[in-house]
Amino acid sequence: MTREESADLLLPGVKHDYSYYENLYPQRNLPDGAIVTRYAPSPTGFIHIGALLQSFISSKMAKQSNGIFFLRIEDTDQKRSIDDGVNKIIRDLEKFDIVFDEGVTKDGDKGSYGPYTQSERKDIYWAFAKKLIIEDKAYPCFCSKEDEALDREKQTAKGERTGYYGYWARCRRLTMEEVIEKINAGEKYIIRLKSNGNFNRKFKFKDCVKGKAEFPENDQDIPIIKSDGLPTYHFAHAIDDHLMGTTHVIRSDEWYPSIPLHTQLFTMLGFKVPKYAHISPLMIEDNGTRRKISKRKDPEAAVSFYHEKGIPNHAIMLYLATVTNSNFEMWMEQNKDKDIDDFTFEFNKMATGGTMFDYDKLINISKNYISKLKATEVYDMALDYAKEYNQDFASLLEKYKDYSIDVFNIEREQKKPRKDIAYFSDAKNQTWYMYDELFKVKDYDWQKINDKKEIKLILNPYFDDYYDMDDDKDIGFNKMKDRTERLGYTSNMKEYKANPDNYKGSIADVSMVIRVALTTLSMTPDLYEIMKLLGVERMKKRVEMALQ
Ligand code: GLU
């Protein structure tokens, strides 16, 4: 039996020879330096923050180099795939402006390098596995899981490296006759790589993020086609990234140790080895030790966590950009009118070890981001959030649309905007007192002046005799000063500091009484703006309530 015949026997029914696929896919015509890269998830569920970071980096690197970013679905481990998993991934990423030029979409494949779903590429993997068998670079293996476990025990007992290699790679030694006999007897088999590596030999490698390193060669005869006929991740990675024209494999650094194997696979298949960029994971501190943020253990690993909190997606992107390149934050400080897309990311400015996940920093970024939005944008976002999580508040926002925009506009759209809202689950907390429907008083936070009679003196008849809606800020302030002096307080803070005993208090104490009466709170944004929005009638009612 020839090698070709044995390859046909092992992998029967392959429609095309590997050269068919080599010729099928056109050369990519892209400018110099263009990065072709991909996001290649297994459709196992929702996107988590680490995956978001990785897809963010990949999309940015492709986009800024006028390259191509595509989505490939790696579903060869069929046990792990979930229903609608692919659509969930696409939908989740879209919210973060991560869109693909090519690959799997909601309406099928887009692009000339498909199919982009691994389970649809079986014929392609088999064609290349056949090529390896014919070239004596792959062989069938009939060992069972139990055989392998037994060997591992022996290896451990002898203090040897575990795995299927060298002497331990027993199916390497099967003759053609033995192979045929086993196949005819219906024995199950997988296809293994016939590794040409020597563990005692080292080779040099340069990762775009981690830099230069030296690795021992791979000498393990790893499985390339599993008993269900589907490829292993390693084999599919080499075939797909070769045929799809990937220039840079940007992926999580759990794959970094696979470099020896992957470069070997590319080489043995006769492919050019792509560049690799291994992205460090986000870490979290747990009982004094650092560990990778975990989908199972950490609520903040799920992107839905931020959604429920009402942190805008763009704020999360800004945080990820900050995490990605050490100089992004400073650049953003110096380029306040620019956005993420104006920044050029560089592999060599990415963290080589783990990056600490800093929740407080994320909140701070979100707070700053929201503070710079227009009142109408804040309104829209607050409404979107409330519609999902607080229908009552959403109804109020809709009922009083213009008024609500004015409320969000207090101390906004100015040089130093107020930073009250850090996430939208807090929007109601920050504004409730501006809505009569929500103004249910429990407590008044009176400060220095908390004597009922004195409070009454200050408040009555302030709104009849002094306050006028049409006054500008200065006139309003002068009237408040006048009122203050008449009551035996002073509006001269310097004078007050020098001789506090000469006065009942200062203008600050007087305006505090007004603030608390109107809002119940001792800390609010600008009182003048609040008063203007409340209007005389509502203020009078609130004063009445406060005096009861
Ligand atoms: N499916 C692999 C994973 O989810 C992809 C790794 C890669 O990007 O090559 O880890």
Side-chain angles (χ1 to χ4, degrees), residues 35-62 67-82 85-86 88-90 92-93 98 100-104 113 115-122 124-125 205 207-210 218 222-224 226 230-266 269 271-282 292-296 301-303 324 347 350 354:
I35 289 181
V36 178
T37 191
R38 76 294 192 278
Y39 179 53
S42 301
T44 53
F46 291 94
I47 294 283
H48 61 95
I49 189 92
L52 187 61
L53 173 65
Q54 203 190 310
S55 51
F56 168 78
I57 294 175
S58 305
S59 80
K60 285 287 163 262
M61 296 316 276
I68 296 286
F69 179 48
F70 66 87
L71 175 64
R72 181 170 71 228
I73 296 299
E74 307 212 323
D75 59 347
T76 56
D77 189 353
Q78 307 235 299
K79 290 192 291 294
R80 292 174 61 218
S81 302
I82 61 154
V86 177
K88 278 195 181 110
I89 290 170
I90 296 173
D92 276 0
L93 291 179
I98 296 178
F100 298 93
D101 304 305
E102 223 175 71
V104 179
Y113 298 82
Y116 293 90
T117 300
Q118 289 186 330
S119 57
E120 294 166 24
R121 298 172 62 79
K122 190 170 146 186
I124 304 178
Y125 304 125
F205 183 80
D207 184 87
C208 298
V209 173
K210 294 185 181 293
N218 171 61
I222 59 113
I224 55 173
K226 300 180 287 186
L230 289 170
T232 54
Y233 161 69
H234 310 291
F235 193 55
H237 154 52
I239 311 278
D240 292 348
D241 282 317
H242 167 67
L243 293 179
M244 294 176 182
T246 303
T247 61
H248 289 66
V249 174
I250 303 172
R251 62 183 181 185
S252 109
D253 81 349
E254 70 187 277
W255 295 110
Y256 187 59
S258 305
I259 288 289
L261 168 62
H262 292 172
T263 51
Q264 179 187 36
L265 273 169
F266 274 85
L269 282 157
F271 303 157
K272 178 171 179 235
V273 183
K275 293 209 161 72
Y276 283 90
H278 286 94
I279 306 297
S280 303
L282 289 171
K292 240 163 104 167
I293 201 164
S294 142
K295 234 177 174 176
R296 273 173 298 112
V303 168
T324 298
F347 284 126
M350 291 179 194

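None of the values given here were measured: they were computed from a predicted structure. Just follow the structure's listing: the first ligand is 1, and inside any ligand the first atom is 1.
- A salt bridge does not link Asp240 to Arg38: none of the charged nitrogens lies less than 4.0 Å from a carboxylate oxygen.
- The aromatic rings of Phe205 and Tyr276 lie tilted to each other, with the angle between the two planes from 30° to 60°.
- Classification of the His234-His262 ring pair by plane angle, with boundaries at 30° and 60°, yields tilted.
- The shortest heavy-atom contact between Ala277 and Val209 is CB-CG2, 3.9 Å.
- Residue Lys295 qualifies as enclosed at atom NZ: its count of foreign heavy atoms under 6.0 Å is above 12.
- Aromatic ring orientation, Tyr116 versus Phe70: tilted (interplanar angle from 30° to 60°).
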May I have a table of the N/O to N/O pairs between ligand 1 and the protein that fall below 3.5 Å, each row giving the two atom names and the distance to 0.1 Å?
residue  : atom   : partner : partner atom : Å
ligand 1 : 1 (N)  : Ala40   : O            : 2.8
ligand 1 : 1 (N)  : Glu74   : OE1          : 2.6
ligand 1 : 8 (O)  : Arg38   : NH1          : 2.8
ligand 1 : 8 (O)  : Arg38   : NH2          : 3.4
ligand 1 : 9 (O)  : Arg38   : NH2          : 2.7
ligand 1 : 9 (O)  : Tyr233  : OH           : 2.4
ligand 1 : 10 (O) : Trp255  : NE1          : 3.0

